[in-house]
S.K.: 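For reference, the structure I am asking about is given below.
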Amino acid sequence: MQLPDSLLTGDNAAFLDTQYASWLRDPASVPEEFRLLFESLEPPADHHGVAPGEIPSFPRRSIFAGGTEQANGDGLSGRVTALVFMHRLHGHRWAEINPLEPRVREAVPELEPGYHGIGPADLDRVVGNPGVFGLPAQVTVRKLVEHIRKAWTGSIGCEISDVREFAQRRWVREQVETVPVREVLDRPTAERYLRKLADAENFERIIQTRFPGAKRFSLEGAETLVPLMELLVRTCANHGASDFVVGMTHRGRLNALVNVLNKPVRLVVDEFQDVKGKAHGSGDVKYHMGFSSDATTLDGRPVHLTLTPNPSHLEAVDPIVEGRARAKQERFGAEGRKRVVPILIHGDAAFAGQGVVAEVLNLSELHGYRTGGTLHIVVNNQIGFTTPPSDARSTPYSTDVARMLGVPIFHVNGEDPSAVAAVAAMAAEWRMKFQRDVIIDLYCYRKHGHNEADEPSFTQPRMYELIRSRATPRDTSALALVKLGLLTDEDCKRIDRESLAALQAGAEAEAEAEPQAIHPDGVKVLRDLFSRYRGSIHDSVDTGFERTKLQEVLVGLNSLPAGEWHPKIRRVIQQRLEMAKGDRPLDWGTAEQAAFATLLAEGYSVRLSGQDSARGTFTQRHAILTDTATEQEYTPLKQLGPFDVYDSSLSEFAVLGFEYG
Ligand SMILES: Cc1ncc(C[n+]2csc(CCOP(=O)(O)OP(=O)(O)O)c2C)c(N)n1
């Protein structure tokens, strides 16, 4: 449809133009009649088939002229800009992230130059660079297409469209678009990467050889988790982190314990042999025990790694890790968020399915629960027990629940070492720079059944035929590193030999020795370090507090400073004063206040958390008073010591887990 000429004059034209630009950005932003009108128009020359709502805001679109600058006379620049924009938005849908499945080009037509009217004859024409990082100001269309394809549709599929802050989105764009032109892996890193992959593979081989058929929830198919974790720790440490609190489930846990947390292999072997002793942890306990260790990164920085014990209940450990990290952060003071980094490792089915995942993500930016950003790794082996993704979630990616946070989500092919290293660097730098969560969706597979006794071909015969004939991630990655010129075939063989020898020696060396205790009495160690209470929890404790002192404290707490206070609050506080003086019986709220006050006065800290914690669900607490004129908050108990009270999201499971942590 054409617009009548009478409409296209003077103020009318300018007004319509503004409405049109607004509709292009968001169809819901204009009145219904304009929406219907614009929908009925032919797409203008620069629209290029882009759907409303998907247009970048940078060049102003016009309803009349076809919009963008016409440097090439035929709108080539505009068409190229649209192609770039589509790659930033939809590139991940065509990226080669799945080692088991080739990508399906037809599924994403917007990524084809032809879709935007860019034909073979245009490829050698020069256009101005429409803001793509890593390219010069003037570039041929061919070079530009190659570059954006490498950046956005290679082994990394990056979702940034939900990142709402412009500066953050631009930062991720810059990182992703410069991957093709920067050195992601140097030789020492490549060598270490392969060594960690070899360690991961050899560990499983050793356990399988010694304990054939035993349940070990092997990491095989997803061994890349080990070098990925190491790279994340290394990069965060280079940016000031020193402590890492890790949470993970069964899959690859033993492997990560040995190859990331440096737990002696011998101890794991003992656990398989059900050797009782100080190393305790036989039977299934070995998949639930925690561990901590000190290590030094490849760049020589000291780090402390802690794996949190967890129950079988998938993802239940997530809030505990967050709470534990937050507690450690408090001890580091102002530096805390930077120093302590939580890392959560999820299964793809559990991440999409368990409600606590959404609860924990929702805690991530809340005042009382923030931990300065969690590194989430989804070990995406594309199956949950025997259930395929199509039956396990209603969304394309298992990570889609995390889109609500507006943080980058990196899907990455676990068999491309450069891509994994690039994602590790981007994710860790994002966390350290913006102090927000980030998601890595590590595409891999599961070599065996859910555990080693399960037969996966009952339910996924074709998938497992494919898997059986595959080279291991170590072999594939070694080939890639040789192809990049970073390692030679001989290097790869040597690295594997060294890895196997070291692990075998570790498994046997202390065969005669007493199993070592990790922490003879972990609870006591922690209590001595961090608690002022020295008695047993079974002791009865004298909770008495001197009467006149208590009265003094309560009078102090209930003497309001200057301000505009709600008349009903004034009355409550007045009554509390009368109670403090003994003129009224103590009510529940005041008794609570007295309990917190005496703890604080004795040097303990108090933290209350949950919905309505500050006011109290039954209007009884009034721990925070709000000035009715300024909305300034006043927390009387803070006068006495570290008293924190936080209203939380409406969650019980995650908030309780957080406080437990
Ligand atoms: C809350 C909960 N539900 C069910 C189980 C039983 N279970 C253990 S592992 C598993 C499959 C997990 O799949 P995924 O998250 O993809 O991890 P994978 O085992 O594939 O690594 C199930 C259903 C459990 N442990 N916890």
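Below, each value reflects all heavy atoms present in this structure, side chains not excepted, and no hydrogens, waters or symmetry copies. One-based numbering, in listed order, for ligands and for the atoms of each.
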S.K.: Which one of Val438, Leu361, Leu405, Ile409 satisfies the side chain to side chain contact (heavy atoms under 4.5 Å, CB included) criterion with His376?
M.R.: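 With His376 as partner, Val438, Leu361, Leu405, Ile409 yield a single side chain to side chain contact (heavy atoms under 4.5 Å, CB included), made by Leu361.
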
S.K.: Taking both backbone and side-chain atoms of Val379, is any N or O found less than 3.5 Å from an N or O belonging to ligand 1?
M.R.: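 N/O-N/O distance below 3.5 Å does not exist for this pair.
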
S.K.: Output yes when Lys447 and Glu201 qualify as a salt bridge under the 4.0 Å nitrogen-oxygen rule, no when they do not.
M.R.: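 Between Glu201 and Lys447 there is no salt bridge, as every charged N stays at least 4.0 Å from the carboxylate O atoms.
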
S.K.: Distance to 0.1 Å, residue and atom name: give those for the protein heavy atom nearest to atom 17 (O) of ligand 1.
M.R.: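 Looking only at protein heavy atoms, the one closest to atom 17 (O) of ligand 1 is Gly347 CA, 3.7 Å.
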
S.K.: Got the closest protein heavy atom to atom 26 (N) of ligand 1, with its distance?
M.R.: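 Protein heavy atom with the smallest distance to atom 26 (N) of ligand 1: Leu314 N, 3.1 Å.
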
S.K.: How does His450 reach ligand 1, if at all, at less than 4.0 Å between non-hydrogen atoms: by side chain, backbone, both, or neither?
M.R.: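 It is the side chain that gets close, since no backbone atom is under 4.0 Å.
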
S.K.: Return the minimal non-hydrogen interatomic distance between Arg436 and Glu365, and the atom names on each side.
M.R.: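 Shortest heavy-atom separation between Arg436 and Glu365 comes out as NE-OE2, 2.7 Å.
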
S.K.: For atom 11 (C) of ligand 1, what's the nearest protein heavy atom and its distance?
M.R.: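 Among all protein heavy atoms, the one nearest atom 11 (C) of ligand 1 is Phe385 N, 3.6 Å.
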
S.K.: Please identify which atoms of ligand 1 are closer than 4.0 Å to at least one heavy atom of His313.
M.R.: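 Heavy-atom distances to His313 below 4.0 Å select 1 (C), 26 (N).
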
S.K.: Does any donor atom in the side chain of Ser398 or Asp348 lie under 3.5 Å from an acceptor atom in the other side chain?
M.R.: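 Note: Ser398 and Asp348 side chains miss the donor-acceptor criterion.
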
S.K.: Is it the side chain, the backbone, both or neither of Ile383 that has a heavy atom closer than 4.0 Å to ligand 1?
M.R.: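 The part of Ile383 near ligand 1 is the backbone, not the side chain.
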
S.K.: Taking Ser613 for the side chain and Asp647 for the main chain, is one N or O donor matched with an acceptor at less than 3.5 Å?
M.R.: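 Between the backbone of Asp647 and the side chain of Ser613 there is no qualifying donor-acceptor contact (under 3.5 Å).
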
S.K.: Taking the six-membered ring for Trp, are His411 and Tyr443 parallel (under 30°), tilted (30 to 60°) or perpendicular (over 60°)?
M.R.: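 Plane angle over 60°, so perpendicular.
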
S.K.: For ligand 1, which atoms, with element, lie under 4.0 Å from some heavy atom of Ala349?
M.R.: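 What qualifies from ligand 1 is 13 (O), 14 (P), 15 (O), 16 (O).
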
S.K.: Taking both backbone and side-chain atoms of Arg251, is any N or O found less than 3.5 Å from an N or O belonging to ligand 1?
M.R.: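 So ligand 1 has an N or O lying under 3.5 Å from an N or O of Arg251.
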
S.K.: If we check side chain to side chain contact (heavy atoms under 4.5 Å, CB included) with Ser155, which of these qualifies: Val423, Ile97, Val420, Asn413?
M.R.: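 So, applying the side chain to side chain contact (heavy atoms under 4.5 Å, CB included) to Ser155 and each of Val423, Ile97, Val420, Asn413, only Asn413 qualifies.
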
S.K.: Give the C-alpha distance, both sets of side-chain angles, the deciding distance and a yes or no for salt bridge (charged side-chain N to carboxylate O under 4.0 Å, His left out) between Glu223 and Arg474.
M.R.: CA-CA 8 Å; Glu223 288 96 327; Arg474 190 208 70 92; over 6 Å; no

S.K.: Tell me, please, whether Phe203 has Arg253 positioned over its six-membered ring: NZ or CZ under 6.0 Å from the ring centre and within 45 degrees of its axis?
M.R.: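 Not flagged: Arg253 not positioned over aromatic ring of Phe203.
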
S.K.: Are Pro99 and Arg470 close enough that some pair of their side-chain heavy atoms sits under 4.5 Å apart?
M.R.: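 Pro99 reaches Arg470 side chain to side chain.
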
S.K.: For ligand 1, which is the ligand I care about here, please tell me if Asp348 has any N or O atom under 3.5 Å from one of the ligand's N or O atoms.
M.R.: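 Among all N and O atoms of Asp348, at least one is under 3.5 Å from an N or O of ligand 1.
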
S.K.: Would you kindly check if the NZ (Lys) or CZ (Arg) of Arg431 is within the cone defined by 45 degrees around the ring axis of Phe244 and under 6.0 Å from the six-membered ring centre?
M.R.: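 Here Arg431 fails the 6.0 Å and 45° test against Phe244.
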
S.K.: Might you check, step by step, whether the distance between atom 23 (C) of ligand 1 and some protein heavy atom is under 4.0 Å?
M.R.: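 For atom 23 (C) of ligand 1 the answer is yes, since some protein heavy atom falls inside 4.0 Å.
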
S.K.: Relative to ligand 1, is His250 under 4.0 angstrom through side chain, backbone, both or neither, heavy atoms considered?
M.R.: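 The side chain, only.
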
S.K.: Distance to 0.1 Å, residue and atom name: give those for the protein heavy atom nearest to atom 15 (O) of ligand 1.
M.R.: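 Of the protein heavy atoms, Ala350 N, 2.9 Å lies nearest.
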
S.K.: For atom 13 (O) of ligand 1, what's the nearest protein heavy-atom neighbour? Residue, atom name and distance, please.
M.R.: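 Here the nearest protein heavy atom works out to Gly384 CA, 3.3 Å.
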
S.K.: Identify, by atom number and element, the atoms of ligand 1 in contact range of Ser312, meaning under 4.0 Å from any of its heavy atoms.
M.R.: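 In order of numbering, the contacting atoms are 24 (C), 25 (N), 26 (N).
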
S.K.: With a 4.0 Å heavy-atom cut-off (strictly under), which part of Asn381 contacts ligand 1: side chain, backbone, both or neither?
M.R.: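 It is the side chain that gets close, since no backbone atom is under 4.0 Å.
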
S.K.: Backbone, side chain, both or neither: what part of Gln354 comes under 4.0 angstrom of ligand 1, heavy atoms only?
M.R.: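 Side chain only.
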
